[in-house]
Amino acid sequence: MKVALLLERRREQWHELESLCRLMERRGPRPLGGAKVSRFASLYRGACADLALADAYQLPLDTVEYLHQLVGRAHNQLYRSQTFRWRQWGRTMFVELPRKLVRDRALWLAFAIFWGIFALSLYLAYTSREYADKAIGQAAMESYRENFSRPIRGRPGGMDSAMTGFYVQHNAGIGLRCFAGGLLFGIGGLFTVVFNAMQLGATFGYMLTLEERVNFLQFVTAHGPFELTAIVFSAGAGMRLGFSLVTTGGLSRAASLRQAAIEASPMMGAAVILFCLAAMIEGFISPSALPYAVKAGVAVLSTVILAFYVIGLGLLRRD
Amino acid sequence: MSKLPRQLDSRIEIVTPENIAFAYVLAGPFRRLPAFLIDFAIRAAVLFLLAMGCLVLSVASLSGIGLGVFLVVWFVLSWFYGGLFETFWNGQTPGKRLLGLRVLSIDGQPINALQAVLRNVLRDVDALPLALSVVPLYMLALATMTANNRFQRLGDLASGTIVVVEKRSKLRGLVMMNRPEVVAFAQTLPVGFVASRAMSHALSTYVARRELFSAPRRFEIARNLAEPLCLRWGLPIDTNPDLLLSALYYRTFIADRPGHEPTLRAPVAVPVEVASP
């Protein structure tokens, strides 16, 4: 058979496939109905066969080019992206992740670095005004002192939700940046976590030397556990990415990075959730006029939840 | 695929589950930049409109809630805009869709939600360094793209994705070569002539473009192939080269030789009626 005849025969089928592709691109496969989808599949197989036999048919170059595009286009409609699978994500977050957390050495390292530097910075700022000066700066020190000079009695109306939004945007943003920065051989994440630990520690140390420490503790107690854990999680997830580029375990660096990214992502997801929870507490509970016992109760409850997550779901659970 | 010359860059071959290899053109940094700018403009427009809405709310003394919503939307748009669109739009954001780009896994399969979100979160590193500590220069992404052969930025490397061009071209088909002198001349060619693969390439490429050239230029181009053929087949040396190639094209692609038609099974299956559930 000559090419002209062949093209004449196939042309209609290719055009039909093209128009089905266009429909699916616009509205997805659902409105097409079973018969059309099945027709699409057989037309796709037909186009595949034509492409495979392009050599034998001696098709002209531009027809081959057209077929490549047609098959690619149909391929992308046939094999579509998988959206969130909630059941699988539930399993990842509540079964697999807690078990991994305890064994994750990157997380332990992030934990040690954060709390180590935090404690050191707190001690230095508590004992030496000069250190606090250098670490957080005169202006910031003054504004902290100013902010906590009055007893905490709640914010003016509506500002609670504004501040919640701000904490989500700002703190979760820092966490994600810390995670992404881990990609630079862990240095970016390391920098963020060291910097934040140093700043937070110095602020705590400095505030504890002042009269205003009562108000300060009133404010920070409730959201502390979730927020500080979230920082450690995002730093740990970031370091996991960075270390995978250094210790590849026999894989190529790209493959090692891909594997680490899949492993680290649930931890970063948990960190974002914790940041959001902390933001809500920090927005609505921490600045409110509730008695200190309630705020301490929130802190204890969130610590218990975290402990249950890591120890109860992770260490102790058996299948 | 073996028909096409093997190119050095920007084409990748994907083998489908149907065991067919087809080729994609990879999207380089300068195809992806306009898509990024479109997406950026969309995000900026949404935030601008939202800010206007917040101003209206603040008149109704709801400024706190409005500001809170604005900040959360800002957070979601700046970190998850691309990830959510690429998850639910099959690897495309509005900008990518407008410019015909799509994100795929490196093995040619569609991406999943994790890959889509991850590659867009890690964009933060790709955007480094920042000019004036706000304007992303994407130099790291550019450097990474030039260092691997799939134009992947760091986020792509970590999530195992590539960006490809989905070109749309029309089927042009054959050039109808039925001028009487061509058909007549085609009958005088040797009966046993079968075009080789390279020959049919050359013929189809030449005839698809010959309309663009003036007659002397056609003569000049066609002579390179026509002269050796004239010598081999003992045709007169003053044969018009353009006429010879046109006749060969006619013989190869259009006219059947009697008695040599291979029967082809139509590769298209009959559609089955699917009972609706």
Side-chain angles (χ1 to χ4, degrees), chain A residues 1-4 7 11 13-14 34-35 38-39 42-43 45-46 48-52 54-55 58 60-66 68-69 71-73 75-76 79-84 157-162 164-166 168-169 172-173 176-177 180-181 183-184 188 241 254 257-258 261 265, chain B residues 2-3 16 18 20 22-24 62-65 67-72 74-75 79 87-88 90-91 102 109-114 118 121-122 124-125 154 157-160 166-167 169 171-174 197 200-201 204-205 208 253-256 261-262 264 267-269 271-274 276:
Chain A
M1 174 157 48
K2 287 292 174 188
V3 176
L7 280 183
R11 187 190 295 270
Q13 292 165 351
W14 293 342
S38 137
R39 173 85 181 142
S42 45
L43 286 171
R45 282 195 297 276
C48 281
D50 288 336
L51 179 57
D55 256 357
Q58 291 198 322
L61 267 185
D62 49 357
T63 308
V64 176
E65 193 69 10
Y66 167 80
H68 273 291
Q69 288 162 20
V71 168
R73 200 174 164 186
H75 175 85
N76 279 337
Y79 302 94
R80 297 178 70 85
S81 63
Q82 297 161 357
T83 51
F84 296 95
M159 283 320 281
D160 281 352
S161 34
T164 306
F166 172 74
V168 168
Q169 194 267 333
L176 285 167
R177 182 152 294 158
L183 205 53
L184 305 173
L241 288 188
L257 177 64
R258 276 204 297 282
S265 293
Chain B
S2 53
K3 262 193 120 180
T16 71
E18 292 77 18
I20 304 297
F22 66 91
Y24 265 128
L62 287 169
S63 60
I65 294 173
L67 189 57
V69 170
F70 176 79
L71 287 167
V72 170
W74 184 19
F75 168 72
W79 287 99
T87 303
F88 291 104
N90 200 7
R102 195 187 288 279
Q109 297 299 312
I111 55 173
N112 57 34
L114 180 68
L118 192 64
V121 166
L122 295 179
D124 194 64
V125 179
L154 284 171
L157 282 175
S159 54
E166 275 197 328
K167 261 194 302 185
S169 70
L171 174 60
R172 274 185 292 178
L174 292 173
R197 176 189 295 174
S200 66
H201 263 194
S204 70
T205 311
F253 291 111
I254 298 172
D256 269 335
E261 296 152 32
L264 284 167
V268 176
V272 235
E273 285 301 323
V274 177
S276 47

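None of the values given here were measured: they were computed from a predicted structure. Here is how names work: the chains are called A, B, and so on, in the same order as the sequence lines, proteins then strands, and each is numbered from 1.
- The parts of B:L122 that come within reach of chain A are both its backbone and its side chain, each placing non-hydrogen atoms under 4.5 angstrom from that chain.
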Q: Quick one: do B:R102 and A:R73 satisfy side chain to side chain contact (heavy atoms under 4.5 Å, CB included)? Show the steps, please.
A: CA-CA 10 Å; B:R102 195 187 288 279; A:R73 200 174 164 186; over 6 Å; no

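- A side chain to side chain contact (heavy atoms under 4.5 Å, CB included) with A:Q169 holds for exactly one of B:F70, B:F75, B:W79; it is B:F75.
- For the atom pair CG of B:L71 and OG1 of A:T164, the computed distance is 10.0 Å after rounding to the nearest 0.5 Å.
- Across B:V125 and A:G181, no two heavy atoms sit closer than the pair CG2-N, 3.6 Å.
- Remark: B:W74 CH2 is loosely packed, at most 12 non-hydrogen atoms of other residues, nucleotides or ligands lying under 6.0 Å away.
- Note that CG of A:L241 is 7.0 Å distant from CG of B:L118, once rounded to the nearest 0.5 Å.
- A side-chain donor from one of B:Y24 and A:N76 sits under 3.5 Å from a side-chain acceptor of the other.
- With chain B as partner, the option from A:A172, A:A261, A:C48 having the largest number of non-hydrogen pairs under 4.5 angstrom is A:C48.
- Between atom CD of residue B:E166 and atom NE2 of residue A:H75 there is a gap of 10.5 Å, rounded to the nearest 0.5 Å.
- For A:L176, the parts lying near chain B are the backbone and the side chain together; criterion is any non-hydrogen pair under 4.5 Å.
- Closest approach of B:L114 to A:S265, counting heavy atoms only: CD1-CB, 3.4 Å.
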